[in-house]
**Q** 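Provided herewith is a single structure, encoded as structure tokens, for subsequent inquiry.
It should be emphasised that the depicted structure is a prediction, and the values quoted were computed from it without experimental measurement. Every chain is numbered from 1, with letters handed out A, B, ... down the list of sequences.
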Amino acid sequence: MVSYETILRLMPEILLAIAACWIYVAGAFDAPRRGGIWYAVLGLGVAGCSLFIEYDQALALWQEGLAGRAYGPVYFDLFGYALRCLAILLGFLLVAQAARDGGMRPSPEVLGSILLVVAGLMLVASARDLIILFLGFELISMPTYLLLILGRRDAASEEATVKYFFLSILASAFLLYGFSFLYGLAGSLRLDAISLRTAQPGGAFSQELATLALVLIVGGLGFKIALVPLHFYAPDVYEGTTNLNAGLLSVIPKLAGLAALVRLLAALLPAVAGTGWLLCVILAMVTMTVGNVVALWQGNIRRLLAYSSIAHAGYMLIGIAVWLAAREFGGEEPLMVAAGEAGLSATWVYMVVYVLATVGTFAALVYLGSEGRRLDKVAQLSELSRTRGPLAAAIAVFMFSLAGVPPLAGFWGKLGLFHAALAVATPPAKFAGVSVGTWFVGLAIVGGLNAAISAGYYLRVVAVMYFSTGGAAGGPASQWPRAQGGAGAAWATAFCATTVLAVGLFPGPLVHWTGVISQQPAIRSAAPGAEGQAVPVQLARTAEETAR
Amino acid sequence: MLGAPITISHYLIVGAIMFVCGAVCMATKRNALGVLMGIELVLNGANLNFVAFGSELLARNPQFRLGLDGQIIALFVIVLAAAEAAVALAIVLNFYNNHATVDVDRADELKG
């Protein structure tokens with residue numbers, strides 16, 4: 001049922017959209033571009049507050065062991081709530097960097113678009129309906145095109161925009177086409193109705209069509225997450241655009257894509273777990289390896305980080321594969337359900353750690369840029385340790401974390417994933433023979449080897465900063481007159497570096513909370529009526545009819 | 001033969017043909033506006049599926065009604081395609097300013 005409470009639940013997104021519209025309109029009367037940044041911060045702040053007001057309700061859900069509540073087309077559960085909080089945080093970090101990108105005040109369109117992108121991510125995180133899910137993705141994509149156009153005005157930037165635009169729409173079309181088959185199968189666009197229909201034993205649910213829908217959806221989302229056969233746009237687009245846009249592109253579509261993948265797979269679980277886990281294992285192996293190996297000989301820093309982001313998408317899929325395999329071979333057995341949820345939880349730990357380190361790195365690059373001069377090459381970072389010690393140290397922290405060096409956050413992320421993969425592989429007696437176990441042991445080994453390969457290029461960045469002298473075209477950034485990225489980018493870098501260090505030293509809270517959100521029954525299976533799921537979910541009519 | 005009913009499958013086949021034609025069009029056309037036409041085809045191929053699945057007239061069992069979900073998402077997608085066309089034209093115009101052509105194959109600077 002849609003009531004006023006639905007609007008209340010969606011208030012943060014609504015406030016963000018209002019703030020974005022206000023920034024677009026007011027920007028026309030604000031030639032010196034002074035106001036925009038404060039409106040953006042204010043909008044994010046108010047949206048953050050209205051999200052924070054709901055904190056006790058989200059917590060109450062968890063304490064009562066409820067799945068979450070359904071308000072019309074949206075879920076209100078801890079999984080969505082946590083992602084929305086992360087989205088607001090990312091919004092602050094991105095707006096802070098945008099405050100002085102390239103030594104200039106940002107145009108109001110840039111700030112408004114960032115707010116809309118954040119709103120889109122929040123919608124995707126809480127979607128219960130395929131329409132909301134799809135429109136949320138478009139709310140992320142459309143302002144992103146705008147940001148890409150506004151970022152730079154040269155031929156390379158045009159090329160990046162055109163490439164991203166056409167490929168992104170094709171990916172959206174694949175997603176939509178997959179959704180159309182889901183609709184045909186389940187007779188409803190509601191995720192819980194789809195889930196109910198899939199969970200029916202011996203129902204008229206066509207396995208072939210479900211697999212087709214799965215492949216189309218994974219194809220569409222794979223573009224957003226940058227999985228390997230669909231990754232080729234990422235390096236070109238990152239290289240052709242600004243550091244700020246590259247930072248946004250490397251985290252927000254990835255977060256949204258993974259959130260949507262988890263929600264959709266949860267709805268489709270029993271029908272697609274069998275094909276899904278193998279698909280995820282293979283995609284994970286190929287994505288990790290290609291990303292890491294090709295990154296080894298990249299001279300452009302954004303290209304390098306693009307391949308790094310591709311490789312990390314591969315690691316994240318390990319957890320999804322574990323989750324699906326545990327469901328396929330363990331069924332509802334508590335031990336295996338726990339193992340699967342551990343995999344999902346490891347994926348989210350990894351995601352949070354990756355997001356912090358990547359946004360921080362790009363914030364540092366934004367900070368180093370100045371008017372008409374952008375940091376492009378890895379070699380331009382040389383001698384940075386001598387002239388800008390703290391910044392070099394922050395970048396080093398991010399690189400070590402991304403590489404997974406022990407005391408830092410990235411290590412816990414990788415450890416969790418590999419541990420989850422091995423946990424599913426160890427009790428072979430319960431599984432369909434040795435082969436499944438071997439797949440996951442192999443997955444963990446490939447992951448470990450990849451971590452070693454990736455250290456090669458991450459450590460090269462650190463080595464350039466600390467041990468190399470000059471030699472870059474255009475001179476090293478350290479010899480440029482001054483960094484004009486402004487205080488916002490510096491604060492964003494400092495915040496990310498502190499958080500990466502803190503999570504590295506005290507990973508407990510993060511691991512605990514990702515564990516909690518992965519146990520949300522709305523993720524486990526949205527089918528109401530099962531034990532422990534006192535979800536006030538109103539069913540779609542068709543689902544009721546089929547159940548009769 | 002003429003009395004045989006038109007079923008959902010027929011619509012699905014038309015939708016699939018439209019989708020594939022659109023994807024091929026996007027992959028092979030060099031003119032940016034041609035690619036834009038491909039976008040319309042893929043989106044409307046998916047739309048056709050939605051409307052066919054949701055249609056009461058095509059359902060094998062008329063009691064089994066699905067409501068308006070399919071039609072509504074189709075409407076949303078039509079609006080979305082219009083918005084995307086607007087953005088696409090802006091992008092193509094910018095591209096033309098820089099490259100003096102709308103041939104997307106000329107965008108080949110970034111590689112490695």
**Q** Is it the backbone or the side chain of A/I149 that comes under 4.5 Å from a heavy atom of chain B, or both, or neither?
**A**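 Contact with chain B is through the side chain of A/I149 alone.
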**Q** Hey, does the side chain of A/R128 reach the backbone of A/G72 with a donor-acceptor pair shorter than 3.5 angstrom?
**A**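 Checking the backbone N and O of A/G72 against the side chain of A/R128, a donor-acceptor pair under 3.5 Å is found.
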**Q** Taking side chain as everything from C-beta outward and backbone as N, CA, C, O, which of these in B/A88 sits under 4.5 Å from a heavy atom of chain A? Side chain, backbone, both or neither.
**A**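 When you check distances to chain A, atoms from both the backbone and side chain of B/A88 fall under 4.5 Å.
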**Q** When the aromatic ring centroids of A/F179 and A/Y183 are compared, is their separation below 6.0 Å?
**A**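 No - the distance between ring centres of A/F179 and A/Y183 does not fall below the 6.0 Å cut-off.
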**Q** Could you tell me which portion of A/L146 (side chain, backbone, both or neither) has an atom closer than 4.5 angstrom to a non-hydrogen atom of chain B?
**A**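 Neither part; nothing is under 4.5 Å.
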**Q** Which class fits the ring pair A/Y177 and A/F181: parallel under 30°, tilted 30 to 60°, perpendicular over 60°?
**A**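 Correct class here is perpendicular.
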**Q** Heavy-atom cut-off 4.5 Å, strictly under: side chain, backbone, both or neither for B/A16 against chain A?
**A**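 Both parts, backbone and side chain.
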**Q** Need one label for A/F174: side chain, backbone, both or neither, based on atoms under 4.5 Å from any heavy atom in chain B.
**A**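 For A/F174, backbone and side chain are both near chain B.
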**Q** When only pairs under 4.5 Å are counted, which of B/L43, B/V35, B/L48 shares the most heavy-atom pairs with chain A?
**A**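 Looking at each of B/L43, B/V35, B/L48 in turn, B/V35 comes out on top.
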**Q** Could you walk me through whether A/Y457 and A/N292 pass the side-chain contact (heavy atoms from CB on, under 4.5 Å) test, one step at a time?
**A** CA-CA 8 Å; A/Y457 59 89; A/N292 278 326; 2.6 Å; yes
**Q** With a 4.5 angstrom heavy-atom cut-off, could you sort out which part of A/I131 is near chain B: side chain, backbone, both or neither?
**A**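 It is both, since atoms from each part get that close.
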**Q** Quick one: which of B/L36, B/V42, B/I73 has the most heavy-atom pairs under 4.5 Å with chain A, could you say?
**A**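 Among B/L36, B/V42, B/I73, the one with the most close pairs to chain A is B/I73.
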**Q** So which residue, A/A160, A/G178, A/S141, A/A155, ends up with the most heavy-atom pairs under 4.5 Å with chain B?
**A**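 The candidate making the most pairs under 4.5 Å is A/A155.
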**Q** Run the ring-centre check on B/F53 versus B/Y11 and record whether the distance is less than 6.0 Å.
**A**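 B/F53 vs B/Y11: aromatic centres not under 6.0 Å.
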**Q** What part of A/D129 gets within 4.5 angstrom of chain B, counting heavy atoms only: side chain, backbone, both, or neither?
**A**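 Neither part.
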**Q** Show the nearest heavy-atom pair for residues A/S157 and A/L148, with the distance to one decimal.
**A**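 Smallest heavy-atom distance, with atoms named: OG-O, 3.7 Å.
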**Q** For chain A, which candidate among B/V92, B/I39, B/N47, B/N97 shows the most heavy-atom pairs at distances under 4.5 Å?
**A**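 The candidate making the most pairs under 4.5 Å is B/I39.
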**Q** Is a side-chain donor or acceptor of A/Y233 paired with a backbone partner of A/F166 at a separation under 3.5 angstrom?
**A**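 Looks like no, no N/O pair under 3.5 Å.
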**Q** Please classify the contact between B/F19 and chain A as side chain, backbone, both or neither, with a heavy-atom cut-off of under 4.5 Å.
**A**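 Only the side chain of B/F19 comes within 4.5 Å of chain A.
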**Q** Which atoms form the tightest heavy-atom contact between A/T241 and A/A246, and what is the distance?
**A**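 Smallest heavy-atom distance, with atoms named: CG2-N, 4.0 Å.
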